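Taking it in order: structure first as structure tokens, then the write-up.
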Amino acid sequence: MKKTLLSIGQMAKLNHTTIATLRLYDELNLLKPIHTDPQSRYRYYDIKQNARLDMIQYMKELGMQLQEIREVLDKKDISLIQEILIKKREDIFSEIRNLKIKKDAITKAIYGIERYRKSPVAGVVSLEYIDRRLVYSQPIEINFYDYDINTYEESLCRLKEHFINMPFPHIYFSNVGTSIQKHDFENLRFIADQIFVFIDRDFKLPEENIKEIDSGMYACIYLNRYEDEIEYAKRLLAFCQENKYTLCGDYLCEVLTELNIFDESKQRSMFLRLQVPITFQNRC
């Protein structure tokens with residue numbers, strides 16, 4: 001009888017798999033050899049068993065786990081295959097979305113570092129066209145301008161809490177922003193209004209917290225010390241007033257990137273762009 005059967009080595013070679021794989025399939029009752037020698041324990045297969053092995057390999061290629069394959073083959077229910085594959089497809093779509101989010105996050109990080117390397121000298125005001133942006137924002141509970149960077153850190157932590165159960169890369173928190181309402185900024189009242197993170201349209205987030213910042217011309221000034229924000233913001237407003245620019249919206253403080261620090265006792269090291277939308281004529 002053995003002459004008409006295939007040894008486990010022959011079966012493996014014929015199907016471009018391994019002996020270890022066939023032994024595993026035997027242990028899992030996925031593919032049992034048609035004959036096992038009681039003395040040598042050698043396994044032998046019928047060539048017709050290639051059909052079942054082909055089906056196992058096919059299902060593996062579709063992303064099914066061995067336990068799922070065994071369940072399908074035991075129940076002989078084709079609808080179960082469809083159900084499992086629909087779930088696998090959704091998992092793949094979700095993975096693709098998450099990978100795109102991570103890719104975009106890396107692109108944003110590269111952009112922020114590039115802006116840092118090629119930005120104007122700290123304190124110099126520039127006029128820039130900035131395209132429209134989406135942000136996910138939360139109201140600021142405590143005005144951190146009345147305190148120190150520790151209070152700002154607390155506001156950032158509260159924002160992060162909203163993203164705990166979302167596929168939101170942590171790297172996005174190196175590009176956050178805060179705002180002051182236009183009328184407060186014009187009167188140099190430093191009252192923090194919103195804290196936000198810049199997002200892409202792919203994110204599935206609560207619509208009520210998503211806002212769009214209009215595109216347009218912005219007066220901007222750069223700095224790399226958190227403590228200098230108020231001084232530089234005053235310079236920015238003075239520049240707009242001297243040139244008779246009309247403010248068209250809220251003041252924004254954007255963290256373009258966070259510079260790496262190696263002393264864990266030091267505070268966050270940020271590269272900031274202060275900005276306010278302007279028009280050259282009174283048409284806002």
Side-chain angles (χ1 to χ4, degrees), residues 112 115 122-123 125-163 172-199 203 205-256 268 270-284:
R115 287 304 304 262
V125 181
S126 62
L127 298 181
E128 302 179 24
Y129 174 82
I130 302 178
D131 205 352
R132 60 173 50 91
R133 295 162 287 177
L134 282 182
V135 298
Y136 181 90
S137 64
Q138 291 287 323
I140 291 178
E141 299 177 9
I142 301 176
N143 183 24
F144 55 79
Y145 289 111
D146 291 337
Y147 300 92
D148 55 20
I149 194 171
N150 293 331
T151 309
Y152 168 82
E153 291 285 356
E154 292 170 3
S155 297
L156 184 58
C157 286
R158 282 190 287 271
L159 178 64
K160 288 179 180 179
E161 288 176 2
H162 292 274
F163 295 95
Y172 271 74
F173 288 101
S174 64
N175 180 212
V176 299
T178 57
S179 66
I180 298 174
Q181 292 187 16
K182 173 176 170 288
H183 61 86
D184 284 329
F185 179 64
E186 288 176 321
N187 292 282
L188 291 179
R189 292 194 297 265
F190 287 88
I191 304 173
D193 178 43
Q194 300 281 319
I195 185 166
F196 51 84
V197 61
F198 295 91
I199 63 172
F203 289 118
L205 300 171
E207 292 289 336
E208 64 270 16
N209 296 103
I210 296 179
K211 299 179 181 179
E212 184 170 89
I213 301 176
D214 288 337
S215 60
M217 292 302 299
Y218 284 75
C220 304
I221 189 170
Y222 294 81
L223 61 150
N224 51 27
R225 274 174 40 90
Y226 171 86
E227 293 81 4
D228 294 336
E229 182 189 347
I230 291 179
E231 176 192 343
Y232 279 58
K234 290 178 179 178
R235 293 189 198 179
L236 183 63
L237 179 61
F239 172 85
C240 294
Q241 292 171 339
E242 290 168 5
N243 289 277
K244 303 188 185 312
Y245 298 145
T246 301
L247 273 59
C248 295
D250 294 343
Y251 159 92
L252 307 176
C253 173
E254 177 187 3
V255 180
L256 282 179
R268 189 185 300 271
M270 297 178 286
F271 178 56
L272 306 173
R273 176 170 64 176
L274 312 184
Q275 57 203 263
V276 62
I278 60 167
T279 183
F280 304 105
Q281 298 177 4
N282 187 18
R283 59 187 183 192
C284 284

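FYI, the numbering just counts along the sequence from 1. Everything quoted here is computed from the prediction, not taken from an experiment.
Atom CG in D250 sits 8.5 Å away from atom NZ in K211 (nearest 0.5 Å). Separation of atoms CD (E229) and OH (Y145) is listed at 3.5 Å; rounding is to 0.5 Å. The CG atom of L237 lies 9.5 Å from the CD atom of E242; values are rounded to the nearest 0.5 Å. Within the model, atoms CG of L236 and SG of C253 stand 11.0 Å from one another, a figure rounded to the nearest 0.5 Å. From Q194, atom CD reaches atom CG of L252 across 11.0 Å, with rounding to the nearest 0.5 Å. To the nearest 0.5 angstrom, C248 atom SG is 8.0 Å from I278 atom CD1.
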- Message: Walk me through whether R158 and Q138 qualify under side-chain contact (heavy atoms from CB on, under 4.5 Å).
- Response: CA-CA 9 Å; R158 282 190 287 271; Q138 291 287 323; over 6 Å; no

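The two residues Y251 and A233 come nearest to each other via the heavy atoms OH-CB, 3.7 Å. For the residue pair G249 and V276, the shortest heavy atom distance occurs at O-CG2, 3.9 Å. Listed here is the closest heavy atom pair of L188 and K234: CD2-CG, 3.9 Å. The shortest heavy-atom contact between M270 and I149 is CE-CD1, 4.3 Å. Residues S155 and I140 approach most closely at OG-CG2, 4.1 Å, considering heavy atoms. Across F185 and I180, no two heavy atoms sit closer than the pair N-CG2, 3.8 Å.
Taking R189 as the reference, H183, D184, N187, I191 meet the side-chain contact (heavy atoms from CB on, under 4.5 Å) condition, with sequence neighbours excluded.
Taking the six-membered ring for Trp, F196 and Y136 have ring centres at least 6.0 Å apart.
Counting only distance, with no hydrogens or angles, the side chain of N143 and the backbone of F190 share a donor-acceptor pair below 3.5 Å. Between the side chain of Q275 and the backbone N or O of R273 there is at least one donor-acceptor pair closer than 3.5 Å.
In this structure, Y152 and Y226 have tilted ring planes: the angle between them lies in the 30° to 60° band.
The side-chain contact (heavy atoms from CB on, under 4.5 Å) with E254 is formed by just one residue from the set I130, L272, N175, T178; it is N175.
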Could you list the donor-acceptor pairs under 3.5 angstrom formed by side chains in residues 213-222, with sequence neighbours left out?
from	atom 1	to	atom 2	distance (Å)
Y218	OH	D214	O	2.8
Y222	OH	R115	NH2	2.3
Y222	OH	E128	OE1	3.3
Y222	OH	E128	OE2	2.6

